[in-house]
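Since the structure comes first, as structure tokens, the remarks are kept for the end.
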Amino acid sequence: MEHSPERSNQPLADLSYALDNAAKEASSRFQALAEAFDPATIRHLEDVGVAPGWHCLEVGAGGGSVASWLAARIAPSGRLLITDIDPRFLESLDLPNTQVLRHNIVTDPLPEAAFDLVHARLVLTHIPDRAAALARMATALRPGGWLIDEEIDISLAPDPASFPGEVRSSTFDGMLRVMEQRGVDHRFGRRLFAHLRALGLVHVAAEGMTSVWSAGSPGVAILRANYQQLGEDMIHFGYITAQQFEQDLAALDDPAFMMPSPILWSARGQRP
Ligand SMILES: C[S@@+](CC[C@H](N)C(=O)[O-])C[C@H]1O[C@@H](n2cnc3c(N)ncnc32)[C@H](O)[C@@H]1O
């Protein structure tokens, strides 16, 4: 793996989004995220009653799988706004009654008291100013509208000492470190319930989902995309060697590979 010669070995204070959608790994990541998480996400959206005619906002829509489901669900009379700081995968979706916006949830203007539903998944985990972003999302709800946010929690990281057979690699740890350098909070999902309560939302609830990731699973495809996108940085900052990286990447395809997935917390609250 080649390194960029002009970079210092010291981690820089770079808080831009760690998993830039311009990278070649982005499309496989979005496909794997959809396979791993859309069934749970859709169940939560159905639970709050998303229906034809709703006005919805999907924040940080990424590859657009949830946005596509929402657009079909609220048709023919609903309206959907889908945003992302880099909407390159959204612009070609051609969904009915939908507007796509290049938009930063922290800094760009957002309508207030406008939406029946505001949803985001795995977006605020990446944003250093996540509490402010969540508060803005709540303000965008009309009275009675639902906020659903789904974020990660790595409390169940692999622990081979306690659970023989689980794999925890230096590359996994290096990935976490590089992402934390870029402002990621790997346990934000766990805090969502308290945040939604503090925002004055009602009917607040949170549910966590986890599964075992093994070779061939969508979860392992997410790991592969993240390792490949962040591998150069992990090696550059000395968290792993190039040889270790190649071994750990290959181990993802080992039929014996297994690890508990991070928990995806799906939290909801309703504006009174
Ligand atoms: C890990 S992806 C998740 C994509 C999608 N929500 C999903 O679950 O499949 C995070 C997405 O958030 C977007 N994003 C990152 N920072 C953002 C910000 N400040 N405002 C809006 N979108 C942002 C990224 O461009 C990326 O598409």
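As the structure lists them, so they are numbered: ligands from 1, and atoms in each ligand from 1.
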| request: Please could you name the atoms of ligand 1 that N21 approaches to less than 4.0 Å, counting only its heavy atoms? | output: 25 (O), 26 (C), 27 (O)
| message | Return the closest protein heavy atom for atom 2 (S) of ligand 1 as residue, atom name and distance. | response | Y17 OH, 3.3 Å
| Considering only protein heavy atoms, which is closest to atom 20 (N) of ligand 1, and at what distance to one decimal place? | I105 N, 3.0 Å
| query | Is a side-chain N or O of R271 found less than 3.5 angstrom from the main chain of T139, in a donor-acceptor match? | reply | yes
| message | Using a 4.0 Å cutoff against the non-hydrogen atoms of F30, which atoms of ligand 1 qualify? | response | 2 (S), 4 (C), 27 (O)
| field | V66 backbone acceptor or donor facing S68 side chain under 3.5 Å | value | no
| message | Regarding R191 and D185, does a basic nitrogen lie under 4.0 Å from an acidic carboxylate oxygen? | response | yes
| message | For D86, is there any backbone N or O sitting under 3.5 Å from a side-chain donor or acceptor partner on R102? | response | no
| field | Carboxylate-amine/guanidinium contact E207 R43, below 4.0 Å | value | yes
| task | Write out the residue and atom name of the closest protein heavy atom to atom 22 (N) of ligand 1, then the distance separating them to 0.1 Å. | result | I85 N, 3.4 Å
| task | Find all atoms of ligand 1 within a distance of less than 4.0 Å from any non-hydrogen atom belonging to A61, and give their numbers and elements. | result | 5 (C)
| said: Among all the protein's non-hydrogen atoms, which is closest to atom 27 (O) of ligand 1, and how far away is it? | reply: D84 OD2, 2.6 Å
| note | For L122, the atoms of ligand 1 under 4.0 Å from one of its heavy atoms are 1 (C), 2 (S), 3 (C), 10 (C)
| said: Checking a contact table here: which protein heavy atom is nearest atom 21 (C) of ligand 1, and how many Å away? | reply: H103 O, 3.4 Å
| task | In plain terms, say whether R79 and D116 are close enough for a salt bridge, that is, a side-chain N and a carboxylate O under 4.0 Å apart. | result | no
| remark: Among non-hydrogen protein atoms, atom 9 (O) of ligand 1 lies closest to R121 NH2, 3.0 Å
| remark: A student checking ligand 1 against V123 at a 4.0 Å heavy-atom cut-off should list atoms 12 (O), 23 (C)
| Where is the nearest protein heavy atom to atom 5 (C) of ligand 1: which residue, which atom, and how far? | G60 O, 3.4 Å
| query | Ignoring hydrogens and geometry, is there a side-chain-to-backbone donor-acceptor pair from R142 to A113 under 3.5 Å? | reply | no
| said: If you define the side chain from C-beta out and look only at heavy atoms, does anything of R268 sit under 4.5 Å from V48? | reply: yes
| task | For residues L252 and D254, determine if any side-chain heavy atom of one lies less than 4.5 Å from a side-chain heavy atom of the other. | result | no
| said: Any salt bridge linking R168 with D173? Criterion: basic side-chain nitrogen under 4.0 Å from a carboxylate oxygen. | reply: yes
| What's the shortest distance from atom 19 (N) of ligand 1 to any protein heavy atom, and which residue and atom give it? | N104 OD1, 2.9 Å
| said: As an exercise, identify every atom of ligand 1 less than 4.0 angstrom from a heavy atom of L33. | reply: 9 (O)
| task | Return yes or no for this condition: an N or O of S65 is under 3.5 Å from an N or O of ligand 1. | result | no
